[in-house]
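Quick notes on the structure that follows.
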Amino acid sequence: MKKLMLGNEAFARGLYEAGCRIVSSYPGTPSTEITEEIARYEEVYAEWAPNEKVALEVAIGASIAGARSFCGMKHVGLNVASDPLYTASYSGVNAGLVIAVADDQGMHSSQNEQDSRHHAIASKVPMLEPSDSTECKDFVKLAFEISESFDTPVIVRMSTRVAHSQSIVNQEERQDIALKEYVKTPQKYVMMPAYAKGRHVFVEERTEKLTEYAETSPLNRVEISESAEFGVITNGACYQYTKEALGNKASVLKLGMVNPMPIKLIRDFAERYEKIYIIEELDGIIENHCRNIGVNNVQGKEIFGYIGELPQSVIAEKLLGEKKEYVEFPEDIPVRPPVMCAGCPHRGLFYCLKKLGVTVSGDIGCYTLGAVAPLNAMDTTICMGASVSALHGFNKARGAEAEHKSVAVIGDSTFMHSGMTGLVNIAYNDSNSTVIILDNSITGMTGHQQNPTTGKNLKGDPAYAVNLEELCKSLGIKRVRVVDPYSLAETEKVIKEELSAEEASVIISRRPCALLKYVKHNPAFAVDSEKCIGCKACMKLGCPAISIKDGKAVIDHTQCVGCGICQEQCKFSAIK
């Protein structure tokens with residue numbers, strides 16, 4: 001049966017059809033839906049892990065036990081999971097192990113634009129890269145076969161465009177893959193130096209065999225056009241852009257296996273044409289490989305650069321000199337930067353932090369929007385969990401001057417991901433630092449996934465819920481306070497008290513995400529225009545439900561959830 005599927009949905013279908021048994025992931029756009037979709041299949045055990053390192057370790061353990069397994073994450077998540085990845089390359093697999101990493105060219109929802117192909121090269125693990133939903137499903141199934149045939153984990157590199165675009169997928173029956181026998185083999189799975197040295201030899205020999213496989217693999221294919229003026233070597237989403245932009249004007253070598261890459265196949269293709277263009281997003285991985293194997297009639301990054309996506313218009317303009325005609329609007333369209341939702345529990349907290357002039361060490365989540373106008377309440381954002389550790393370093397560097405005027409903010413899910421160890425460091429090294437956990441009862445930034453604090457698992461079934469207060473105390477923090485960020489006065493008071501303390505403390509800002517379906521909202525507020533003097537104090541909150549019309553504040557009742565912080569802000573009782 002054929003069905004129109006998102007790339008992520010098709011990927012999940014491939015896992016199902018390939019007989020995958022165990023799935024452990026951490027949500028991260030644009031990879032999240034793979035795990036959400038595979039959880040719909042009852043034959044597969046699926047879970048959210050606290051972070052990507054744990055998730056990959058679970059999948060590795062399942063593979064060793066004899067079950068085909070999978071782990072999914074976004075590109076920065078692979079940084080977290082790189083520790084087990086590099087060693088799993090040595091130990092290899094028992095049953096097949098497939099890892100999805102979704103890159104985010106264009107940084108649609110990410111803090112950087114790194115190219116995950118570097119991890120595949122450095123860890124010496126094969127990497128496949130599909131170009132559409134059909135290939136997502138088919139490449140996953142082939143990835144399991146490669147994994148078991150060559151005794152290796154296999155990475156499948158996705159991208160935002162492939163993950164979130166749709167094409168037709170032919171659905172097939174699930175393979176009945178029996179659990180493989182587990183045989184105790186310490187020289188294969190115990191990676192201490194004496195055994196690891198032998199496994200390194202295996203890895204190098206495996207790479208040679210995989211390179212030979214790449215020469216004839218159906219993953220790589222040549223599309224010759226009789227009217228071609230030049231040749232193009234490309235991969236992933238760029239293949240689709242290339243075909244649409246260039247049509248029959250170019251012959252194409254499409255690389256579906258981007259590590260290791262073939263040698264003879266590329267040389268033979270390059271000999272056909274005087275000019276070969278490499279069209280790949282982000283770094284020049286294919287281009288450098290071509291030059292390393294003696295193919296020098298290639299051009300790539302000097303034309304297309306290293307930044308962002310390479311859509312059809314860019315390819316057509318760079319290679320054919322065809323400029324895309326754009327429709328001009330008669331009026332200027334106002335910019336619409338992302339903002340925290342109306343009723344977002346983080347708004348009140350950030351307003352108080354800005355009012356107090358506090359230096360804020362930020363983290364990754366929807367609360368990162370606290371950095372933008374009008375709140376402008378965040379000073380740094382580095383990576384998941386870094387806010388806590390960075391605050392400790394900041395305070396140790398600047399001493400008492402900073403200790404009473406700086407905080408870290410981190411979400412509940414991010415705290416479970418990688419914030420706990422930073423808090424242990426604060427307690428262990430006697431750091432007078434204040435950490436604020438923004439507990440909105442869900443993993444908000446990736447679309448409301450469960451986490452270890454919510455009391456539900458991936459499938460929504462009841463699960464053990466970590467008690468943040470008790471956890472923080474067990475990590476060595478004696479001062480733990482809970483506030484409701486809808487109460488500005490209470491929140492401001494507690495922040496002042498904890499900043500004035502001479503020891504480490506944690507404030508838990510607790511209020512469920514306003515978009516959760518089970519959250520019951522209060523009636524919308526309205527402005528008494530006769531009492532409103534147009535002071536715009538309410539506008540300082542940055543709530544999208546509040547605007548100014550004819551010099552007076554106006555509240556959009558379709559957006560307002562009745563959180564009440566604007567009423568508390570108004571000194572003229574104009575909001576009721």
Side-chain angles (χ1 to χ4, degrees), residues 26 49-54 57 79-80 83 346 349-350 352-353 356 358-365 367-368 370 378-441 443 451-454 464-485 490-510:
Y26 184 80
N51 64 32
E52 295 87 355
K53 180 179 184 292
V54 171
E57 289 161 351
N79 299 337
V80 180
D83 194 3
H346 307 325
L349 175 80
F350 279 119
C352 292
L353 293 174
L356 295 172
V358 175
T359 299
V360 179
S361 177
D363 223 293
I364 305 296
Y367 47 87
T368 310
M378 195 175 287
D379 290 71
T380 62
T381 298
I382 304 167
C383 65
M384 295 280 280
S387 62
V388 182
S389 308
L391 173 68
H392 168 69
F394 189 88
N395 287 344
K396 286 297 183 183
R398 302 189 71 88
E401 167 195 352
E403 290 173 349
H404 300 297
K405 207 68 177 174
S406 61
V407 302
V409 295
I410 186 168
D412 51 333
S413 178
T414 311
F415 182 72
M416 298 306 301
H417 178 283
S418 49
M420 291 185 286
T421 47
L423 192 61
V424 169
N425 193 45
I426 283 175
Y428 177 60
N429 289 298
D430 192 25
S431 178
N432 184 12
S433 298
T434 299
V435 175
I436 304 177
I437 301 175
L438 293 81
D439 181 8
N440 65 349
S441 306
T443 307
N451 68 64
T453 72
T454 64
Y464 174 76
V466 171
N467 183 303
L468 286 173
E469 294 96 310
E470 296 302 318
L471 174 60
C472 292
K473 290 176 182 177
S474 73
L475 297 179
I477 306 300
K478 298 176 183 177
R479 299 179 64 95
V480 180
R481 308 278 296 276
V482 179
V483 299
D484 181 353
E490 176 201 7
T491 300
E492 182 178 341
K493 174 177 175 290
V494 171
I495 293 172
K496 285 180 178 179
E497 290 173 354
E498 296 312 308
L499 283 174
S500 65
E502 294 297 334
E503 61 178 307
S505 62
V506 168
I507 301 170
I508 300 173
S509 176
R510 178 167 288 149

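Donor-acceptor pairing under 3.5 Å is lacking for the side chains of N51 and S418. Donor-acceptor pairing under 3.5 Å is recorded for the side chains of T434 and S505. Between N395 and S433, the side chains place a donor N or O and an acceptor N or O closer than 3.5 Å (distance only, hydrogens not considered). In this model, no donor atom of one side chain and acceptor atom of the other lie less than 3.5 Å apart for Y464 and T453.
A salt bridge links R398 with E401: the distance from a Lys NZ or Arg NE/NH1/NH2 to an Asp or Glu carboxylate oxygen falls below 4.0 Å.
Of the possible polar contacts, one joining the T491 side chain to the D484 backbone as a donor-acceptor pair under 3.5 Å is found. Formation of a donor-acceptor pair under 3.5 Å by the N432 side chain with backbone atoms of E503 is found in this model. Remark: the backbone N or O of I426 is not paired with any side-chain donor or acceptor of S431 at under 3.5 angstrom. In this structure, Y367 contributes its side chain and I410 its backbone to no donor-acceptor pair below 3.5 Å.
Exactly one residue among K478, R479, R510 makes a salt bridge (Lys or Arg N to Asp or Glu O under 4.0 Å) with E469. That residue is R510.
The salt bridge (Lys or Arg N to Asp or Glu O under 4.0 Å) test applied to K496 returns E492, not counting sequence neighbours.
For residues 381-408, no residue pair satisfies the ring pair (Phe, Tyr, Trp, His ring centres under 6.0 Å) rule, not counting sequence neighbours.
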